[in-house]
2 protein chains.
Amino acid sequence: MNKELILRLSKYKRLLFKLKALGLERVFSNNLGDAIGVAPSLVRKDFSVLSLSGNKRGGYDIDMLIEKLDIVLGRDKPQEVIVVGCGRIGTALMQYEEFRNEGIKIIAGFDVSPENVSKTSGVPIYHIKEMKDFVEKNGTKVGIIAVPDSEAAATLDMMIESGIRGVLNFATIELRINNRGEIDNEEQPCTIHNINICLELEHLFYQVNVANEMEPEKAE
Amino acid sequence: MNKELILRLSKYKRLLFKLKALGLERVFSNNLGDAIGVAPSLVRKDFSVLSLSGNKRGGYDIDMLIEKLDIVLGRDKPQEVIVVGCGRIGTALMQYEEFRNEGIKIIAGFDVSPENVSKTSGVPIYHIKEMKDFVEKNGTKVGIIAVPDSEAAATLDMMIESGIRGVLNFATIELRINNRGEIDNEEQPCTIHNINICLELEHLFYQVNVANEMEPEKAE
DNA sequence: CGTTTGTTGTGAATTCATTCACAATATAAC
DNA sequence: GTTATATTGTGAATGAATTCACAACAAACG
């Protein structure tokens with residue numbers, strides 16, 4: 001299963017929810033394709049791979065798609081997350097409204113000095129030393145790294161040691177285990193996704209200052 | 001120019017800075033490959049495409065690489081950014097330390113009620129109505145969207161109308177213009193990058209709950 | 001009931017990034 | 001100065017994701 005494919009499946013699902021809320025019952029591959037910006041043939045191929053079949057003329061049943069996608073994406077289990085590092089980014093995430101709509105819940109924050117963290121978010125804040133106990137007790141599997149760059153690598157080690165198996169990293173250093181974000185020779189693999197805001201902005205500056213300044217033919 | 005390629009170039013550059021700070025003068029393709037997690041042949045291919053050549057035995061000259069990469073990536077110009085939406089995410093970004101190291105500067109924040117935004121970051125906060133004037137006066141080309149989902153599409157329109165040509169979107173709805181994040185039939189193209197935290201977390205849950213729970217052979 | 005229409009489903013073709021493999025060659029060693 | 005060695009540079013091979021193209025077919029229509 002391809003990373004891009006999984007991302008598309010999540011996008012389909014989100015879109016299908018909205019269409020359903022609007023009262024629709026069926027969709028065509030080109031509706032979905034238009035909305036998420038891919039070719040209709042790719043939508044059909046994706047569904048084909050997952051054995052989601054539609055009606056030869058009436059398109060796909062929205063409820064069916066949502067139900068099957070939920071299974072494929074593993075959305076039956078609770079989506080609970082911890083945040084490690086309660087600085088500005090960390091606390092902003094704890095109060096992030098949109099998580100609620102997606103069924104994602106931040107269940108705890110951890111910091112080296114929890115006494116300095118405002119508790120306004122309603123999320124309990126603990127000292128980072130308590131992380132392992134907490135994660136074991138709650139069976140938490142996913143966590144966010146929002147610590148300064150200098151602490152990121154050590155934080156990752158602690159999280160993996162605690163039992164975390166999926167990590168979203170906001171530090172600007174690229175965290176990896178072995179070669180490509182996943183341990184696969186270990187019994188318990190851990191997946192790491194890096195969100196590197198600086199890198200994204202730099203990419204935009206490239207597009208704006210370089211790619212778009214070229215002759216249209218040379219560009220991109 | 002491929003998106004992944006541009007990202008790799010930024011990573012090379014960042015790494016080269018660190019190596020230089022450590023006193024190194026030359027690197028081999030496998031040093032760079034190991035460090036950023038790609039094959040050495042890809043590093044060589046990347047440099048080959050850009051006509052960055054090394055010495056048949058002594059590797060690549062770090063200063064030369066940095067200099068040339070800076071040109072290719074368009075880092076000569078100032079990297080100034082505005083933030084639209086000064087809620088928790090927006091203000092956290094305004095105070096984000098790591099931008100400084102990368103030469104990125106947040107030069108203003110805009111909000112519908114600037115009077116409610118704390119000014120502690122040192123970044124001036126204006127009413128969103130003043131954006132167009134500001135952007136025109138300062139020639140700003142890149143901006144960050146940190147408004148609620150419901151406002152995101154309208155905010156994008158305003159930013160483009162104001163003259164912004166590169167957008168980093170933190171709202172969880174996927175913003176696009178035409179089909180794929182770029183207008184290319186217009187005179188002034190605009191590139192949009194979406195950072196969708198919910199999507200990333202959902203992807204992690206998929207990895208943790210589904211992919212990694214399968215038999216190792218079936219997984220991924 | 002036969003015909004038209006529109007959409008799915010999928011094997012084949014395509015495209016494109018990455019890896020392979022190795023000739024070319026600069027440096028080091030002797 | 002000759003030989004050995006390590007690394008670059010790149011054309012060809014590979015591999016994977018996407019698009020194409022069209023047969024199959026269900027629904028609508030007359």
Side-chain angles (χ1 to χ4, degrees), chain A residues 1-12 16 19 24-65 68-69 72 176 178-182 203 211 218-220, chain B residues 1-12 16 19 24-65 68-69 72 176 178-181 203 211 217-220:
Chain A
M1 278 281 221
N2 184 300
K3 174 173 169 160
E4 289 300 318
L5 172 56
I6 304 297
L7 249 38
R8 283 200 302 275
L9 297 182
S10 286
K11 290 181 189 173
Y12 295 144
L16 288 165
L19 294 177
L24 300 199
E25 295 184 352
R26 339 204 86 241
V27 272
F28 300 136
S29 59
N30 64 26
N31 301 145
L32 293 172
D34 287 350
I36 79 162
V38 303
S41 56
L42 182 53
V43 176
R44 295 201 298 277
K45 181 74 88 182
D46 286 346
F47 291 170
S48 166
V49 167
L50 301 172
S51 312
L52 308 180
S53 53
N55 273 31
K56 274 284 147 70
R57 196 157 158 177
Y60 299 87
D61 181 83
I62 291 182
D63 284 330
M64 179 277 289
L65 286 179
K68 297 273 186 70
L69 285 174
V72 173
R176 268 177 303 127
N178 293 348
N179 14 10
R180 280 181 169 276
E182 287 179 44
H203 190 170
K218 290 184 185 175
E220 180 74 4
Chain B
M1 277 282 221
N2 186 298
K3 174 173 169 159
E4 290 299 318
L5 171 55
I6 304 298
L7 250 37
R8 283 200 301 275
L9 297 182
S10 286
K11 290 180 189 173
Y12 295 144
L16 287 165
L19 294 176
L24 300 200
E25 295 183 354
R26 338 204 88 240
V27 272
F28 300 136
S29 59
N30 64 25
N31 302 145
L32 292 172
D34 288 349
I36 79 162
V38 302
S41 56
L42 182 54
V43 176
R44 295 200 298 277
K45 180 73 88 181
D46 287 345
F47 291 170
S48 166
V49 167
L50 301 172
S51 313
L52 307 181
S53 53
N55 272 31
K56 274 283 147 68
R57 196 158 160 176
Y60 299 87
D61 182 82
I62 290 182
D63 283 330
M64 179 276 291
L65 286 179
K68 297 275 186 70
L69 285 174
V72 173
R176 266 176 305 125
N178 295 345
N179 12 12
R180 279 181 170 277
H203 191 169
E217 293 86 69
K218 291 184 185 176
E220 178 75 7

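Protein chains get the first letters and strands the later ones, always in sequence-line order, with residue 1 at the start of each. Note: hydrogens, waters and symmetry copies are ignored here, and every other heavy atom, side chains too, is used.
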Problem set entry | Sidechain-backbone polar pair: B/Asn55 side chain, B/Arg57 backbone, donor-acceptor under 3.5 Å | no
For this session: Using atom CD1 of A/Ile6 as one end and atom P of D/dA17 as the other, report the distance to the nearest whole Å.
Result: 11 Å
For this session: Write down the distance between CD (B/Glu4) and P (C/dT18), rounded to a whole number of angstrom.
Result: 7 Å
Problem set entry | Whole-Å distance separating the CG atom of B/Leu7 from the C1' atom of C/dA17 | 15 Å
For this session: Could you give me the CA-CA distance, side-chain angles and deciding distance for A/Leu32 and A/Phe47, then say whether side chain to side chain contact (heavy atoms under 4.5 Å, CB included) is met?
Result: CA-CA 11 Å; A/Leu32 293 172; A/Phe47 291 170; 3.7 Å; yes
For this session: Have a look at B/Arg26 and say if it touches a base, only the backbone sugar-phosphate, or nothing, with a 4.0 Å heavy-atom cut-off.
Result: nothing
Exercise. So among B/Met1, B/Lys68, B/Lys45, which one has a side-chain contact (heavy atoms from CB on, under 4.5 Å) with B/Leu50?
Worked result: B/Met1
For this session: Tell me which nucleotide among D/dA17, C/dT10, C/dT19 gets nearest to the side chain of A/Lys45.
Result: C/dT10
Exercise. Heavy-atom distance under 4.5 Å between the side chains of B/Asn31 and B/Tyr60, does that happen here?
Worked result: no
For this session: Look only at the side chain of A/Arg176 and the backbone of B/Ala35, and say whether a donor-acceptor pair between them is shorter than 3.5 Å.
Result: yes
Exercise. Any side-chain heavy atom of A/Val27 within less than 4.5 Å of one from A/Leu65?
Worked result: yes
Exercise. CZ of B/Phe47 versus C1' of D/dT8: gap in Å, rounded?
Worked result: 12 Å
Seminar exercise, completed: In whole angstroms, the gap separating P of D/dT7 from CG of B/Asp61 amounts to 16 Å
Problem set entry | Rounded interatomic separation in angstrom, taking CG from B/Leu52 and P from D/dT10 | 11 Å
For this session: Enter the distance from B/Leu42:CG to B/Ile36:CD1 here, rounded to the nearest 0.5 Å.
Result: 7.5 Å
Might you list the N or O atoms of the protein lying below 3.5 Å from N or O atoms in nucleotides 5-8 of chain C, with each pair's distance?
{"unit_1": "C/dT5", "atom_1": "O2", "unit_2": "A/Arg57", "atom_2": "NH1", "d": "2.1"}
{"unit_1": "C/dG6", "atom_1": "O4'", "unit_2": "A/Arg57", "atom_2": "NE", "d": "3.3"}
{"unit_1": "C/dT7", "atom_1": "O4'", "unit_2": "A/Lys56", "atom_2": "O", "d": "3.4"}
{"unit_1": "C/dT7", "atom_1": "O2", "unit_2": "A/Lys56", "atom_2": "O", "d": "2.6"}
{"unit_1": "C/dT8", "atom_1": "OP1", "unit_2": "A/Ser29", "atom_2": "N", "d": "2.9"}
{"unit_1": "C/dT8", "atom_1": "OP2", "unit_2": "A/Ser29", "atom_2": "OG", "d": "2.8"}

Problem set entry | Distance test, side-chain N/O of A/Ser41 to OP1/OP2 of D/dC20, below 4.0 Å | no
For this session: Take the protein atom CG of B/Leu42 and the nucleotide atom P of C/dA17, then report the distance between them rounded to whole Å.
Result: 11 Å
For this session: Using atom CG of A/Asn2 as one end and atom P of C/dA17 as the other, report the distance to the nearest whole Å.
Result: 15 Å
